[in-house]
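Worksheet: the structure to be examined is printed underneath.
Because the structure is predicted, anything quoted here is derived from the model rather than measured.
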Amino acid sequence: MSRAEVLPTAFDLSLRRSWFSRPAGNQAAARAEADQVSQADPEFKLPKLSSLAIILITNGLMQHLGGNATFSGIVIGIPTAISGLSLLPLMRFDQGRYRRPLHFACASSVLGHILYGLAYKANWLYLILLGRIVSGFSFTFFMYSKRYCSDPRIVGIRRRTTLAGWLVVGQAVGFSFGPFVGGLLYKIGFSNAIFNGYTSPAWLMAGVWAIFWVLTIFFFEDIPSVPPPAPVPGTTIEMTNVTDQSSSGTPADSSKSFTTIHVSNVENAADGPEPFKMSAAQWGVTVTMCWFAMTCFFILGAWEANIPVFTGSDSPLSPFHFSPFAAGNLIALGGVCTFPFLLANVFLARRFQDRYTLALGTFLGSAGLLVALAILRTGTVNYGSLFMSWFLVALGFNLSSTVTLSLLSKQLPGKWNARTSLIIQYSNYTGRVTGAIWGGAGVSVGMLNYIGMQITIVGIGAVLFLTLWRDLKAKTG
């Protein structure tokens, strides 16, 4: 097979530079040329740009920020737990496609944010929990966004890491822009019983989701319906009844009739559906990727929940006494600083194997944890040292999270994509829920114990990673 040309950017956002220099009338020809490249080599195929953009934006909109106590860790964890419980039932009705889950996510987000926004006026704390529970149904789309970006029907094997990188870029934008806007709205306040510093983020997001939902109706193009299984190629048998006739033209005895059977491609005639059997190496890779998927979201969720708690606490280790606005700015600043590196990873991913990206991300994240442990032990916590720890943690484990599903999908057959997406997403859920609760309780359990637990989890992953280094080899892109 001749090697297809690698386009200079990621998706059909990956058009040639000449696209921008051509007259408007010729841009359609440039797009057609790019489509021909994808069709020539299925390893580079991509879905329609507008549909892909909607998937990526949905993933970014679903990021969120916690509050200032262990209760906030529970509030962060509840949507993820609800999503985990509702994902399997939803998959019974998705028809192997994405439109139904997308509309379900949009509707749940709009309603959930409205309920959250009404909690202050109703003076009922548990309406916040109810709003988060409803919002949790929308979090089912985290799995579908990952599945979409590794679906072999629309995404080639050399595009999966690139698209996973874009998912994480959207994730970084969400957890950077969200805390900043939430903190800003809290700072402004708004003297209104319904729209105020506490509820305005929920009302704002309800409006954003409603507008976005309308856009998905017009611009999202789902993949074609899955047709009934066709006969296995090479097993079609053509049968022709031939009746022997005598030389006089009268039919011979019917018992002498015979059948001619034509079998095409005999060497494949016995092939049937491939059984779901995994080798020991594939099991090892699966366990390792699930562990890292859990680890990344455990640590990121713990830090997002813990920073407002720790910086606003009376702990002798914390010199800050931050408001939610200041804590949100710290989280946002760390996320913004990771953005250029995560964006660069999108374009560099095709040049390096996933295992190298995973190793680099784990190294950077671990360095952040060790810096945090050192400043806590020596009592040298200040804004600069805490920011550096958070920056390295956010960059490293966001970078690592780009390859867990893409690497696993390259190791297993394409028809297993639904299974691999599901187990990676449940690993993410596990990490997000337990991490959020652990982060909210970080001050209570002791900050040294809080960081020590994270280092232990990363260490276990490192042992698995080094043991299976050779088995983690996969195609780039």
Side-chain angles (χ1 to χ4, degrees), residues 54-67 71-94 96-116 126-150 164 167-168 170-171 174-175 178 202 205-206 208-209 212-213 216 290 293-302 304-305 401 404-405 417-440:
I54 286 174
I55 296 294
L56 298 177
I57 293 171
T58 305
N59 182 74
L61 288 176
M62 288 188 295
Q63 303 303 317
H64 57 272
L65 173 66
F71 179 77
S72 75
I74 298 174
V75 170
I76 294 175
I78 278 180
T80 308
I82 295 299
S83 174
L85 293 174
S86 56
L87 186 56
L88 286 176
L90 179 62
M91 291 179 69
R92 296 171 61 90
F93 301 98
D94 64 16
R97 305 172 74 197
Y98 300 93
R99 183 176 297 276
R100 287 184 180 181
L102 178 59
H103 290 318
F104 180 70
C106 291
S108 301
S109 289
V110 171
L111 180 58
H113 282 100
I114 290 175
L115 292 173
Y116 194 100
Y126 289 96
L127 193 57
I128 295 176
L129 293 179
L130 182 60
R132 299 301 283 174
I133 288 172
V134 175
S135 294
F137 292 113
S138 70
F139 282 24
T140 53
F141 204 77
F142 277 127
M143 189 279 290
Y144 286 99
S145 64
K146 292 179 177 64
R147 193 172 89 178
Y148 188 91
C149 291
S150 60
L167 284 177
V168 174
Q171 177 179 304
F175 80 69
M205 289 307 300
V208 169
W209 272 106
F212 180 71
W213 191 5
T216 64
C290 288
M294 181 277 296
T295 298
C296 291
F297 279 81
F298 176 87
I299 294 175
L300 291 172
E304 290 175 29
S401 70
T404 51
L405 177 58
N417 183 55
R419 293 183 178 97
T420 55
S421 302
L422 187 64
I423 60 176
I424 290 294
Q425 188 58 51
Y426 270 112
S427 300
N428 291 344
Y429 284 156
T430 302
R432 174 66 77 176
V433 173
T434 55
I437 296 175
W438 183 246

Practice problem: Measure the OG-CZ distance between Ser109 and Phe104 for me, rounded to the nearest 0.5 Å. | Solution: 10.0 Å
Quiz item: Do you know which two heavy atoms are closest between Asn428 and Lys146, and how far apart they sit?
Solution: ND2-CE, 2.9 Å
Quiz item: Any idea which heavy atoms bring Ala436 and Ala305 closest together, and the distance?
Solution: O-CB, 3.5 Å
Practice problem: Please check if any side-chain donor atom of Ser138 sits under 3.5 Å from a side-chain acceptor atom of Ser108, or the reverse. | Solution: no
Quiz prompt | Val134 to Gly112 - nearest heavy-atom pair and separation | solution = CG1-N, 3.7 Å
Quiz item: Rounded to the nearest 0.5 Å, what separation is found between the CE atom of Met294 and the OG1 atom of Thr434?
Solution: 7.0 Å
Practice problem: List for me each residue that meets ring-ring contact (aromatic ring centres under 6.0 Å, His included) alongside Phe297, sequence neighbours excluded, and say none if there are none. | Solution: none
Quiz item: Given Ser83 and Tyr429, is the side chain to side chain contact (heavy atoms under 4.5 Å, CB included) satisfied, shown in steps?
Solution: CA-CA 8 Å; Ser83 174; Tyr429 284 156; 2.3 Å; yes
Exercise. Would you sort out whether Phe142 and Gln171 count as a side chain to side chain contact (heavy atoms under 4.5 Å, CB included), showing the intermediate values?
Key: CA-CA 11 Å; Phe142 277 127; Gln171 177 179 304; over 6 Å; no
Practice problem: Look only at the side chain of Asp94 and the backbone of Pro101, and say whether a donor-acceptor pair between them is shorter than 3.5 Å. | Solution: no
Quiz prompt | Exam field: side chain Tyr426 to backbone Gly84, donor-acceptor pair closer than 3.5 Å | solution = yes
Practice problem: Measure the CG-NE2 distance between Leu115 and His113 for me, rounded to the nearest 0.5 Å. | Solution: 10.5 Å
Self-check item: Heavy-atom check, side chain of Ser145 versus side chain of Thr58, under 4.5 Å
Solution: no
Quiz item: With no hydrogens and no angle check, do the side chains of Ser135 and Tyr116 hold a donor and an acceptor under 3.5 Å apart?
Solution: no
Quiz prompt | Option among Leu61, Leu87, Ile55, Leu90 that satisfies the side chain to side chain contact (heavy atoms under 4.5 Å, CB included) test with Phe141 | solution = Ile55
Quiz item: How many angstroms lie between CG in Asn59 and CD1 in Ile54, if you round to the nearest 0.5 Å?
Solution: 14.0 Å
Exercise. Of all the heavy-atom pairs spanning Ala418 and Arg147, show the shortest one and how long it is.
Key: CA-CD, 4.0 Å
Self-check item: Atom pair CG/CD1 of Leu127 and Ile114 - distance to nearest 0.5 Å
Solution: 11.5 Å
Quiz item: What do the steps show when you test Leu88 against Leu422 for side chain to side chain contact (heavy atoms under 4.5 Å, CB included), and what is the final call?
Solution: CA-CA 9 Å; Leu88 286 176; Leu422 187 64; 3.7 Å; yes
Quiz item: Parallel, tilted or perpendicular: which describes the rings of Tyr98 and Tyr148, with under 30° parallel and over 60° perpendicular?
Solution: perpendicular
Self-check item: Approximate separation, where rounding is to 0.5 Å, of Leu405 CG and Cys149 SG
Solution: 9.0 Å
Quiz item: Of all heavy-atom pairs between Thr404 and Ala293, which one has the smallest distance, and what is that distance?
Solution: CG2-N, 3.8 Å
Self-check item: Verdict with supporting geometry, Ile57 and Phe212, side chain to side chain contact (heavy atoms under 4.5 Å, CB included)
Solution: CA-CA 9 Å; Ile57 293 171; Phe212 180 71; 3.5 Å; yes
Self-check item: Heavy-atom closest contact (Ser401 atom, Val168 atom, distance)
Solution: OG-CG2, 3.5 Å
